[in-house]
Amino acid sequence: MLNIVLFGPPGAGKGTQSEKLIDRYQLVHLSTGDIFRANIRGETELGKLAKSYMDKGELVPDKVTIGMLKSEVTKHPEAKGFIFDGFPRTTAQAEALDEFLKSMGSEIAMMLALEVPEEELKKRLKLRAETSGRTDDADPEVINKRIAVYQRETAPVADYYRSQNKYKGVDGTGTIDEISQRLYRAIDT
Ligand code: AP5
Ligand code: MG
């Protein structure tokens with residue numbers, strides 16, 4: 001299996017680049033943010049809970065997120081591998097993912113971390129707010145909060161994969177295709 005953690009701050013291009021990677025490597029894309037938003041649209045209990053955190057730019061509690069992620073993985077027994085987009089976002093989630101994959105006889109191959117300056121992130125999210133309908137894009141204060149939460153709670157997850165020699169930083173600026181090419185090179189070498 002080829003299991004990749006696609007990592008980066010809000011607006012780094014995780015969703016955009018995931019689409020390219022799943023085509024090229026025949027992987028299943030699991031975005032915890034997308035799954036939460038589908039639950040919000042479906043008005044499920046999980047959706048209601050998730051919305052109360054997402055609208056403020058805070059993380060949904062680990063227990064809920066980890067349980068949901070595991071259940072999504074088990075829906076794809078034939079998968080050649082997964083792109084984890086927006087997960088893990090805490091060290092506890094990274095540990096749970098390792099343990100879970102190990103129980104399936106698998107593991108994370110690498111973390112690809114998209115590096116984008118904060119000003120560029122804010123510019124992209126502000127632009128996306130015009131069309132996305134995402135409540136967490138609409139308010140610049142919530143965008144700032146998401147970036148702050150990333151710095152405080154999520155950035156340390158990179159160290160977790162660094163210590164396993166699985167961390168690969170990738171320049172996340174330039175055109176979408178330029179960035180894809182960098183990701184392909186990082187995966188293939
Ligand atoms: P999530 O949905 O994961 O949002 P995010 O991390 O804030 O990131 P985005 O989806 O906004 O950005 P992206 O990196 O995917 O970039 P994209 O490709 O869209 O999480 C949302 C919330 O859910 C969290 O705040 C939290 O509450 C909750 N949550 C999710 N996972 C969780 C977890 N594991 N634990 C706890 N809570 C969790 O690109 C952004 C924009 O830029 C787009 O408009 C795109 O078109 C544009 N763009 C992309 N590439 C380029 C480029 N090269 N040049 C110019 N523009 C570009
Ligand atoms: Mg995304």
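FYI, side chains are in, hydrogens and waters are out, and symmetry mates aren't considered; it's all heavy atoms of this structure. For ligands, and for the atoms within them, numbers begin at 1 and follow the listed sequence.
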J.: What distance separates Thr154 OG1 from Leu59 CG, expressed to the nearest 0.5 Å?
T.: 5.0 Å
J.: Exactly one of Gln164, Lys166, Lys102 should register a side-chain contact (heavy atoms from CB on, under 4.5 Å) with Glu107. Which one does?
T.: Lys166
J.: Establish, from distance only, whether the side-chain atoms of Asp85 and Gln17 form a donor-acceptor pair under 3.5 Å.
T.: no
J.: When rounded to the nearest 0.5 angstrom, what distance separates NZ in Lys48 from CD in Glu43?
T.: 7.5 Å
J.: Contact residues of ligand 1 with a heavy-atom cut-off of under 4.0 Å?
T.: Pro9, Pro10, Gly11, Ala12, Gly13, Lys14, Gly15, Thr16, Thr32, Gly33, Phe36, Arg37, Met54, Glu58, Leu59, Val60, Thr65, Gly86, Phe87, Arg89, Gln93, Arg124, Leu125, Arg128, Arg134, Asp136, Arg146, Gly174, Thr175, Ile176, Ile179
J.: Please report the closest heavy-atom contact between Val142 and Asp55, naming both atoms and the distance.
T.: CG2-O, 3.6 Å
J.: Judged by modelled atom types alone, do Asp159 and Tyr167 share a side-chain donor-acceptor pair under 3.5 Å?
T.: no
